[in-house]
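As structure tokens, the structure follows; a few thoughts come after it.
All heavy atoms count here, side chains included; hydrogens, waters and symmetry mates do not. Index from 1, following the sequence.
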Amino acid sequence: QLIERGRWGVTGCFGTTLDVENGVAVVGDPCDANTSGAAYAFAVHPAGVWEETWHYAKGKGFEDDLFGSAVSIDAGRVVIGEPAITGSMHFYDVLSDGVLQYVSTYRYPIDWDEIPGDGFGHRLALDGQTVVSGSRFYRRVHLMEEENGDWREVEQVAALTIFDVDGDSILIGNPQDDVAGEDAGAVRTFARNSGNWLERETIRPDDSTPGQRFGQSLAIDGDRALVGASGRSTENGKAGVAYVFERQSGGAWRQVARLDEEGGSAFPPTGGAAVALSGDMALVDSRTDYRAVALYQRQSDGSWPLVAKLIGQDVTADSGFGGAIALDPPWVIVGASRQVHAADDEVWGAVHFFDLSPLSTVKQVAIDVKPWSASNVVDPASPGLVAVALFSSADFDALQTDLTSLRLNPGQAPARNYRVYNVNADGIPGLMAWFRIRDLQIACGRTELGLEGRTHAGQSFVGSDFVTNRRCPRP
């Protein structure tokens, strides 16, 4: 679902910041009304449609307040940043209908004799009674805690404003760290112990290289962390990667995966400039495909393969699709803060909502092995190929198949060739794929061949048909 917001004839950046939790999404537009700023809330209905439930705009006279520069939601509470000159953060409760109810505002105290403004609230991460805030003008990260309804600063760290918090853990990224080479990057880890935040270790990838900017983005969920390295060079150039780390029993972080699998033309290389993490799912922007973000999912063997490529609607290379992403299964929201509103050709910005529910189901589809043959007899010793037709239907488009995912069993034979083909001559195009017969494990007699694959959106599917082995010995 695509949602746009803005003002006629006015440039905005709706979707610059966003977050989602339990069917409620919060989106910031700090450019609204000459950068006075605005924020929105949306809630999903049982039918899966997202609708606006709340909107607040600063309006004229508050230029450069940048309300909505940061948003974060956790446990039914929302915090919205307004960095302006001094900086503040505004707290709201999420009501049952998705409406936000104002609770309080915290304004960062400034000593004007020392610092002419800090820009507190430029970035925010909320977890329970902890907020981490980044300054707009200075390299400072503020660790805030709530006590008896009041917020107080308990620690201040000199660092770039790239961070995330979960429970008693905070990660702070520094893509400019030079220990492993210029701009190789690193991530500092902090842990709360007896009410005190202590710096623990600095983590770097196993294959750290200069210029990879490890720590450009990050997310933490429990004992797992996802870190982007947007400058990492891959076989196809500087495409970027992301790394998965897991915390060990002793508290140390260890790299367990590097997410840069391309999957042929169907999946672009990972970007690493924006990431999101929830349980066994990781979401990463794409540097080489402006239309897409990549979804990875942990498997039982510990691997993290690509499972879907989420494609934006009506986006262009200038839309900024993937600049902000949030993940709370089954929902993914992706910001495109420079997307053009077609009606007036102005940059409004947009947010794209994706439902991951199909990933948990396997769709049964219709296939036909050797569609021009009634007998379906094959010779397993043949060096040739066997054709398999994959049919489209009212709720399945065969042309959306990720061709690299196709496998024919028994034997896990990959497709050797494919083309669009109207097999039934019914006007609905399907897909024809060819598989090498010798890759299949065809037994004597009648054998069931099963085709499995997935679509670009991550929908898994299976279909089956029977063949007969012509080389079986006569009784």
Side-chain angles (χ1 to χ4, degrees), residues 205-207 217-219 221-230 232 234-236 239-246 254-289 291-311 322 325 327-332 334 354-363 365 390 400-415 418 433 435 439 450-463:
D206 297 338
D207 57 352
S217 58
L218 52 81
D221 186 21
D223 291 327
R224 184 172 291 147
L226 179 65
V227 183
S230 61
R232 176 77 191 191
T234 64
E235 290 74 8
N236 291 336
V241 300
Y243 296 85
V244 180
F245 287 80
E246 292 182 354
R254 181 175 67 88
Q255 179 182 323
V256 296
R258 175 177 137 170
L259 309 184
D260 63 345
E261 178 185 353
E262 296 184 37
S265 61
F267 288 106
T270 296
V275 300
L277 177 67
S278 180
D280 289 339
M281 287 187 172
L283 191 67
V284 190
D285 74 302
S286 171
R287 285 281 298 277
T288 60
D289 188 344
R291 309 165 304 155
V293 294
L295 181 70
Y296 298 80
Q297 187 169 22
R298 186 181 185 275
Q299 307 300 303
S300 58
D301 62 358
S303 62
W304 286 80
L306 276 162
V307 294
K309 182 173 70 170
L310 307 180
I311 305 296
I325 54 181
L327 170 64
D328 186 42
W331 295 106
V332 167
V334 181
F354 300 89
D355 184 1
L356 302 181
S357 298
L359 292 179
S360 62
T361 62
V362 179
K363 184 173 183 58
V365 297
L390 174 61
Q400 294 302 313
T401 298
D402 166 18
L403 301 174
T404 64
S405 72
L406 285 177
R407 294 293 184 271
L408 189 61
N409 293 307
Q412 281 284 303
Y418 23 74
F435 300 83
D439 290 341
L451 181 70
E452 62 182 43
R454 63 173 179 264
T455 65
H456 290 311
Q459 171 70 69
S460 297
F461 60 83
V462 295

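Contact annotation: the side chain of E246 never approaches that of D223 to less than 4.5 Å [non-hydrogen atoms, C-beta and beyond]. Between Q297 and P305, the closest side-chain pair of non-hydrogen atoms is not below 4.5 Å. In this structure, the side chains of V244 and R298 stay at 4.5 Å or more apart for every pair of heavy atoms. The shortest side-chain heavy-atom distance between L390 and F461 falls under the 4.5 Å cut-off. Using a 4.5 Å cut-off on side-chain heavy atoms (C-beta onward), V227 and V275 make no contact. Counting only heavy atoms from C-beta outward, the side chains of D206 and Y243 never approach each other to under 4.5 Å. In this structure, the side chains of F245 and V256 stay at 4.5 Å or more apart for every pair of heavy atoms.
Looking at every heavy atom in both residues, G279 comes nearest to R224 through O-NH1, 2.8 Å. Across all their heavy atoms, D439 and P414 have their closest contact at OD2-CD, 4.3 Å. Contact detail for A257 and W304: the closest heavy-atom pair is CB-CD1, 3.6 Å. Annotation for F354 and V334: closest pair CE1-CG2, 3.8 Å, computed over non-hydrogen atoms. Heavy-atom minimum distance, S357 versus P330: OG-CB, 3.5 Å. A433 and L406 make their closest contact through CB-CD1, 4.2 Å (heavy atoms, listed as atom of the first residue, atom of the second, distance).
Judged by distance alone, with hydrogens and angles left aside, the side-chain atoms of D285 form a donor-acceptor pair with the main-chain N or O of A274 at under 3.5 Å. Distance alone, capped at 3.5 Å, places no donor-acceptor pair between the R454 side chain and the A308 backbone.
Atom CD of Q412 and atom CZ of R407 lie 6.5 Å apart (nearest 0.5 Å). Between Y418 atom OH and T404 atom OG1 the span is 7.5 Å, to the nearest 0.5 Å. Taken to the nearest 0.5 Å, the OG1 atom of T455 stands 10.5 Å off from the NZ atom of K363.
Of the residues listed (L327, D221, L259), the one engaging L226 in a side-chain contact (heavy atoms from CB on, under 4.5 Å) is L259, and it is the only one. For the pairing with I325, the side-chain contact (heavy atoms from CB on, under 4.5 Å) check across V332, L283, L310, V284 returns one residue only, L283.
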- Message: Under the criterion side chain to side chain contact (heavy atoms under 4.5 Å, CB included), I'd like the reasoning laid out for W331 against D355: C-alpha separation, chi angles, the key distance, then a yes or no.
- Response: CA-CA 5 Å; W331 295 106; D355 184 1; 3.6 Å; yes

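For D207, the salt bridge (Lys or Arg N to Asp or Glu O under 4.0 Å) partners at least two apart in sequence or on another chain are R232, R258.
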